[in-house]
Amino acid sequence: MRRLEKLNLTNSYARLPQPFHTRLQPTPLAGTRLLSFNPAAAELLDLDPLEALRPEFTAWLSGQAPLPGSEPLAALYAGHQFGHYVPQLGDGRAILLGEVQNDRGERWEVQLKGAGLTPYSRRGDGRAVLRSTIREYLCSEAIHGLGIPTTRALCLFGSDEEVWREEPESGALLVRLAPSHVRFGSFEVFYYRRQFDHLRRLADYVITHHYPELAEEKNPYLGLFRTVTERTARLIAQWQAVGFAHGVMNTDNMSILGLTLDYGPFAFLDDFAPGLVCNHSDYEGRYAFDRQPNIAHWNLSCLGQALLPLLGEPVEAAVEHDNAVLEEYAPAFHAHYQELMQHKLGLREPRPGDAQLLYDLLQLLAAQHIDYSNFFRALSRFDSTPGARNTALRDMFPDRAAFERWAAGYRDRLAAEQSDDAARGDAMRRVNPKYILRNYLAQQAITRAQQGDNDEIDTLLRLLHHPFDEHPGYEDYAAPPPDWGRRLAISCSS
Ligand code: AMP
Ligand code: MG
C-alpha cells in the first residue's frame with residue numbers, strides 16, 4: 001500500500017507533441033472538502049485508503065497543490081455531437097495529472113473533472129456541479145459492479161463555490177481513473193485537420209500502451225480498428241442487456257478502450273421502455289435506448305473514417321478494409337447480446353426459438369410496463385413444475401393471462417434442457433442484478449448531499465459494488481421508483 005508521495009506518477013500523454021494537449025495547472029475550488037472516498041478504486045492505484053484522511057489528500061487531488069510527480073494537462077479532441085462534426089472540443093473541465101503503474105503492471109490515469117478553465121472550455125466555466133458529479137461517481141462504480149467496462153471514480157469533493165447552471169448550484173470535483181481517456185474524437189481531430197503524422201502518432205501511442213499485441217500484426221492500425229469495433233460491440237450489448245441508456249453517445253464520449261465514458265444524462269430502465277430518451281435535450285431521440293446499437297455503429301464509422309489514412313494504400317483499399325471491419329460489428333453485437341440474454345433467462349445453451357421467446361418477453365414487458373431488472377431477478381425464482389402458478393411473477397403483470405401464455409413456453413423451453421430450478425436460480429441471480437442505480441436513488445443521494453449529509457452516497461456505493469447479492473435491510477433500494485421518481489428530467493447540463 002502506497003502513500004501519496006509514493007504513487008510514482010508519470011505522464012506518458014505529456015510526452016506527445018504540443019497539439020495533443022496543453023499543460024496547465026488546475027484552478028482550486030473554494031472550500032474544497034472530501035465528500036466520499038472509494039477504497040475499491042484506491043486499490044487500483046495501490047493507494048493506502050488511510051491516505052484519504054490526510055489534508056494533503058484533499059489538497060493534492062482537488063488541484064489546490066501539485067500532487068508529487070504530476071504533470072497536469074488538458075487533452076485536445078474533437079467529435080461528432082448529435083451527428084454534426086465539431087472541429088474542436090477537448091478537456092474543457094478535466095485535467096489529467098498523470099498515470100500510476102500499480103504492482104500488477106496496470107496503468108491508471110488520474111484525472112480531475114471540474115478542475116477549472118482550459119483552452120478547450122469554449123463557453124463553459126470549467127466546473128462540474130455536485131448533482132452531476134454524484135451521478136457520475138455512483139454510476140461508474142455501479143457499471144463496474146455489473147461487470148461492464150468503465151472509467152472508475154476514486155473520490156468526490158464538494159466545495160463552497162457557487163456554479164451557475166439553470167440556477168446556482170454547488171461546485172464539485174470528481175477524481176476519475178481510467179487506463180486511458182482517449183476517445184474516438186481524439187483521432188477525428190487530426191484526421192479533419194489533415195495532420196496525419198499526429199494521427200499515426202496517436203494510434204502508435206494507443207497501440208504501445210493499450211494494445212501491444214497489435215504491434216505484431218501485419219497492419220496494426222487495422223487491428224486497432226477491429227479491436228475497438230469488437231470491444232464496442234461487446235460494451236453496447238452489455239448496456240442493452242442490463243438496461244442502461246448512456247444518453248450522449250457523441251463520438252467524443254466513445255472510449256478507444258471500449259469503456260463506458262462520460263456519464264451525463266444516463267438512465268437505467270425502470271419499466272421496460274425500449275424507446276426511452278433519457279437526455280432531456282435530445283429532441284430527436286437520437287440516443288434513445290433502443291438506438292444505441294446502431295449509433296455505436298455510426299460512431300465506429302466515424303472512427304474508421306478518421307483512421308483511413310493509416311489503413312492502407314490506395315485509398316480504395318483502405319476503404320475496403322474499413323468497411324470489412326464495420327461489417328463485423330452487427331454480428332458481434334448480436335452474438336454478445338444473445339449470449340447475455342440467454343444467461344439472463346437462465347438457459348444453458350442456445351436453441352432455435354430462443355430469439356422468439358426473448359422477443360415475445362420483451363414485447364410483453366414493454367406493453368405491460370414491467371420493471372425490467374426486477375422482472376429478471378424475480379424470474380430466477382420461476383418454478384418450472386408442471387401446474388406451478390408462479391403467482392409472485394404473474395402478479396407483476398396487469399394482464400396475467402398474457403404472462404401465463406409466455407410462461408408456458410418458457411416452462412417448455414426449460415424442460416427441453418432438463419433445467420434444474422435451484423441451479424438455474426443461482427446462476428440467474430449472478431447475472432440479473434437486484435440493485436441498479438435508478439435515477440430516483442441517485443436523486444435521493446443528491447438531495448441529501450445538498451443538505452450536507454453524504455451517508456446516502458456511501459450506502460449506494462456499497463450496494464452497487466455488489467448488485468447481485470442480497471443486502472438484508474436494504475430491500476427498499478431495489479424498489480421501482482415512486483411516482484415522483486418515474487420521469488425525472490435529466491438535462492445535458494452538468
Ligand atoms: P460532454 O457533453 O459533457 O461530454 O462535453 C462535451 C464538451 O464540452 C467537452 O469538450 C467538455 O469538456 C465540454 N464541457 C462540458 N461542460 C463544460 C464546462 N462546464 N466547462 C467547460 N467545458 C465543458
Ligand atoms: Mg464528454
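For ligands, and for the atoms within them, numbers begin at 1 and follow the listed sequence. Note that the structure is predicted; figures quoted are calculated from it, not measured.
The aromatic rings of Y329 and F333 sit parallel to each other, their planes meeting at less than 30°, with 60° as the upper class boundary.
Ion pairing between K6 and D48 fails under the 4.0 Å rule for side-chain N and carboxylate O. Between R183 and D252 there is no salt bridge, since no side-chain N of the basic residue sits under 4.0 Å from a carboxylate O of the acidic one.
In terms of N/O distances under 3.5 Å, ligand 1 is approached by R127. Annotation: V248 places no N or O atom under 3.5 Å from an N or O atom of ligand 1; distance criterion only. Between G92 and ligand 1, at least one N/O pair is under 3.5 Å apart. Between G126 and ligand 1, at least one N/O pair is under 3.5 Å apart. Checked by distance only, ligand 1 and N253 come closer than 3.5 Å through their nitrogen or oxygen atoms.
Assignment of R123 to the shell around ligand 1 is not supported, since no heavy atom sits closer than 4.0 Å.
The name of the N, O or S atom in D262 nearest to the Mg ion (ligand 2) is OD2.
Both tests do not hold together for R135 against Y263: distance to the six-membered ring centre under 6.0 Å, angle to the ring axis within 45°.
For D125, heavy-atom contacts with ligand 1 shorter than 4.0 Å involve the backbone as well as the side chain. With a heavy-atom cut-off of 4.0 Å, R165 touches ligand 1 through its side chain alone. When heavy-atom distances to ligand 1 are checked against a 4.0 Å cut-off, Y120 has no atom that comes that close, whether in backbone or side chain.
Between the side chain of N11 and the backbone N or O of P72, no donor-acceptor pair lies under 3.5 Å.
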